[in-house]
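Notes follow once the structure below has been shown.
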Amino acid sequence: MTRIPRKSNWTILKFGGSSVSEAAHWQTIAHVVQQQKSTGFRPILVLSALKNVSNLLEALLHQSISGVHPIAIEHLKEMHQGLISHLKLPVDILLPQFKNLENICNEIHQSQQITPKNHAAVVSFGELFSTTIGLHFLNRQQISTDWVDARKILLSIQQADSWHHYTSAYCDFEYSPQLRSQLEQLNKVIITQGFIASDIDGNTVLLGREGSDTSAAYFGAKLNAAEVQIWTDVPGVFSANPKEISQAKQLPNLTYQQAHTMAQLGAKVLHPRALEPAMSNTIPIQVKCTHLPQNEGTRISVIDTTEVIDTTEAAKDSAQIIAITAEPQITWIRLPQTQKMDIDLLIEKVTAAGFDLILKSQKNKTCHLIFIYTNSDQAQLTDEALQQYLSIDNIKIKSALSLVSLINISNQGAWANKIVQFTQQFLPNGLLEALDFSSQGHLSLIVSNPNQLCQQLHFHLIENQLDNTFFGVNWKDLQN
Ligand code: ASP
Ligand code: MG
């Protein structure tokens, strides 16, 4: 084990798809980089693909099978060309990469096969394109910048099933003094790709959709960076999805654990896998917004907000709900644990069919497993087909449900029961199961339709709260 020294002066600046798509935002990006440099930090930019490009590349795989890929590639070229001309960069900077993409798509057309390996190769181009544009832009702004291929640095861990191996990779994130001195020698700002890595055989792999945050955290951990900044289209983490609930409140401080629970249970602002590398090396994560750069956003660190909680008898039953998250498309598997069964093996089988586990509860002699489907290359198995594939007696499977979770930080008392009662009144027949994880800081409700419920819970439990210790500004007020 390498001894980890004091924090280095590296800062990791991750910019998401909406940040890198607009020419005007590039001025902000250049400004943030300059600011970091002038305060003695060495920035590494980790970029996502332009907005929607990863979706278009996933679609391109299917278009390559049917042979219409040349038109789709043309459309992708035009999208990127639009940004390139706004930034007044040379028109041909992406041509070699587009040539490579075309070759891979032609091969897919010839073989008539989408494999996890060619899926990863095709979808990785989004980040290769955006970082090439960024490299040229920053150098033209007199910010001396080097392009580093993330696949030379992030090495994935072998996984048994090939879909997850290529498209949902985990990487090693141990502190690396060698990497640190190698990058220090470059003596420039570094620009690299989010979302992509390579396996031990040198194949391109992906870190899972929205995985650029995780790339930033991996770089942060490997360099023992001073901070990881996640620049996105909302100023931090909110008490609910601000795009759906305009009264959502900013959460200025979260612990790694709270942020992880929220991300795992559906808060879209941060990728759940980004928390562990940062937490295990105590690297703070600051979530900020590219079009509101002055706003401090959310700081995720070891600071424990529960320390300020009122622990008197009177406060015991009252929940301190800080956020409500929703995961809109879950598959719920329920099995009675009367017979002995290897749950891990069951999870492995469901995972191999293209699902990801987000929650597991083993209480009251019943096991509840909550999955989401992530395989974009194949249609999801029907509940009946999944049941047949697993062939286990007494198993119940139901998809197209939602999981609504309340993130609580008081960890005690009967608050969970009260919320279950409220939900039952509000949604007669609509609450299918309540999974009580109050000792771990959340209550998760399986419901058939979450829309009104999230609004109502947010109104009663968060908007009406008098204690504002945990909350910052309202999303709505930020819009004015
Ligand atoms: N471009 C990838 C995606 O859209 C990764 C990311 O943006 O985080 O999923
Ligand atoms: Mg994101």
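On a predicted model such as this, the values are computed, not experimentally measured, just so you know. Remember, it's 1-based here, ligands and their atoms both numbered in the order they're listed. Because only heavy atoms are used, hydrogens play no part in the values below, and waters and symmetry mates are left out as well, while side chains stay in.
For the pair E210 and ligand 1, the shortest N or O to N or O distance falls below 3.5 Å. Annotation: S54 places an N or O atom under 3.5 Å from an N or O atom of ligand 1; distance criterion only.
Annotation: F41 is not in aromatic contact with W10 [ring centroid separation under 6.0 Å not met].
Per-residue contacts place S212 under 4.0 angstrom from the following atoms of ligand 1 (heavy atoms of the residue considered): 5 (C), 6 (C), 7 (O), 8 (O).
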Practice task
For the pair S239 and H458, evaluate side-chain contact (heavy atoms from CB on, under 4.5 Å) and give the outcome as yes or no after the intermediate values.
Solution key: CA-CA 8 Å; S239 59; H458 193 269; 2.8 Å; yes
Handout entry: Residues W147, T131; criterion side-chain hydrogen bond (donor to acceptor under 3.5 Å, both in side chains); working and verdict
Key = CA-CA 7 Å; W147 192 89; T131 47; 3.0 Å; yes
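Summary of contacts: the protein heavy atom closest to atom 7 (O) of ligand 1 is S48 OG, 3.0 Å. Counting only heavy atoms of the protein, atom 4 (O) of ligand 1 lies nearest to R209 NH2, 3.0 Å.
At a 4.0 Å cut-off, not a single heavy atom of G16 sits close enough to ligand 1 to count as contact. In this structure, E127 is part of the shell of residues with a heavy atom less than 4.0 angstrom from ligand 1.
For E210, the N/O/S atom at the shortest distance from the Mg ion (ligand 2) is named OE1.
A cation-pi contact links K249 to F471, judged by a cut-off of 6.0 Å to the six-membered ring centre and 45° from its axis. In this structure, K77 satisfies the cation-pi test against F98, with its NZ or CZ atom closer than 6.0 Å to the six-membered ring centre and inside 45 degrees of the ring normal.
Atom NZ of K188 sits in a crowded spot, with more than 12 heavy atoms from other residues, nucleotides or ligands closer than 6.0 Å.
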